[in-house]
Amino acid sequence: MPFPFGRPPRVLVVDDTDSIRLLLRTNFELEGWTVLEAADGLECLDVVVDTEPDVVTIDVVMPRMDGLETVRALRRSASTRHIPVVMVTTQAQAYDLLRGQEAGVEAYVTKPFDPAELVRTVREVLEGAPAAPSGPPPRRS
């Protein structure tokens, strides 16, 4: 199915671990997508302004500015609030999922992840379909 913007999507991968960025880059490039990178939240905010990605994947735990704070900053700006965000992180407790949702994340993928599931989730977000979180379901009290 073609994407709504009529070209391969631009994905901004934000993670402070080089090997994770490489893994994400490889999987997205295998789909024919354009991949941009940032090593933390502050760099993400700069790259977003310069490149206007179609989607951002972002980790929670990063130096300088964590993923949740970065997502909140993206949502506060009129020029970036429309960019969908997929959280890719080890933070997988019900509380973490809730915090991601409250920050404005469209989908949540937990590490370690199945690369096919990650690509599927990001594709669904790009196509506007609701993407189910891949982590454990939220616990009800």
Side-chain angles (χ1 to χ4, degrees), residues 1-77 79-141:
M1 173 188 266
F3 292 100
F5 23 83
R7 60 164 166 68
R10 284 186 305 269
V11 181
L12 173 56
V13 172
V14 185
D15 198 295
D16 62 318
T17 305
D18 294 340
S19 60
I20 296 294
R21 286 197 315 273
L22 176 62
L23 177 61
L24 294 171
R25 170 183 280 284
T26 301
N27 282 282
F28 295 141
E29 286 179 344
L30 286 171
E31 296 295 312
W33 301 353
T34 302
V35 180
L36 312 158
E37 295 182 25
D40 62 37
L42 288 177
E43 186 178 358
C44 169
L45 296 178
D46 289 338
V47 173
V48 163
V49 170
D50 294 339
T51 63
E52 299 179 15
D54 300 304
V55 65
V56 173
T57 68
I58 192 166
D59 190 11
V60 172
V61 180
M62 294 183 295
R64 298 195 315 157
M65 180 183 274
D66 72 32
L68 292 170
E69 186 178 341
T70 305
V71 173
R72 287 190 286 271
L74 290 170
R75 295 299 176 244
R76 282 191 301 268
S77 171
S79 64
T80 59
R81 73 173 45 120
H82 67 283
I83 301 171
V85 177
V86 177
M87 191 70 67
V88 182
T89 185
T90 59
Q91 308 298 302
Q93 299 298 316
Y95 173 73
D96 300 313
L97 299 174
L98 179 61
R99 287 181 359 160
Q101 182 180 26
E102 289 173 346
V105 171
E106 277 73 19
Y108 207 100
V109 175
T110 56
K111 297 176 188 173
F113 54 84
D114 171 22
E117 181 181 350
L118 172 71
V119 169
R120 176 190 54 78
T121 300
V122 174
R123 181 181 297 278
E124 288 175 354
V125 167
L126 283 165
E127 292 171 349
S134 70
R139 294 185 185 124
R140 306 231 188 272
S141 303

Original post:
More than 12 non-hydrogen atoms from neighbouring residues, nucleotides or ligands closer than 6.0 Å to CD on Gln101, yes or no?
Top reply: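 No, the 6.0 Å shell around CD holds no more than 12 heavy atoms from other groups.
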**OP:** Report, as yes or no, whether the 6.0 Å neighbourhood of atom CD on Glu29 holds more than 12 heavy atoms from other residues, nucleotides or ligands.
**Re:**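 For Glu29, atom CD is crowded (more than 12 foreign heavy atoms under 6.0 Å).
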Report yes if the side chains of [X] and [Y] come closer than 4.5 Å at any heavy-atom pair, otherwise no.
X	Y	result
Thr121	Phe113	no
Asp96	Met87	no
Asp54	Leu126	yes
Val48	Cys44	yes
Leu45	Met65	yes
Leu74	Val85	yes

Original post:
Is a donor on one side and an acceptor on the other found under 3.5 Å between the side chain of Arg21 and the backbone of Asp15?
Top reply: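 Flag set: sc Arg21 to bb Asp15 pair under 3.5 Å.
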Kindly compute the distance separating [atom1] ([X]) from [atom2] ([Y]), expressed to the nearest 0.5 Å.
X	Y	atom1	atom2	answer
Arg10	Ile83	CZ	CD1	9.5 Å
Arg123	Leu118	CZ	CG	11.5 Å
Thr80	Arg75	OG1	CZ	7.5 Å
Trp33	Leu24	CH2	CG	11.0 Å
Thr17	Leu22	OG1	CG	12.0 Å
Met62	Leu42	CE	CG	9.0 Å

Provide the closest heavy-atom pair for [X] versus [Y] in the form atom of the first, atom of the second, distance.
X	Y	answer
Leu36	Pro53	CD1-CB, 4.3 Å
Val125	Ala107	CG2-CB, 3.8 Å
Pro115	Asn27	CB-OD1, 3.1 Å
Ala38	Val47	CB-CG2, 4.4 Å

Subject >> Check against side-chain contact (heavy atoms from CB on, under 4.5 Å), Val55 and Glu106 >> reply: CA-CA 10 Å; Val55 65; Glu106 277 73 19; over 6 Å; no
Original post:
Below 4.0 angstrom, N of the basic side chain to O of the carboxylate: do Lys111 and Asp59 qualify?
Top reply: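 Answer for the salt bridge query: yes.
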Original post:
Applying side-chain hydrogen bond (donor to acceptor under 3.5 Å, both in side chains), which residue pairs with at least one partner in residues 61-74 are found, sequence neighbours left out?
Top reply: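 For residues 61-74: Asp40-Arg64.
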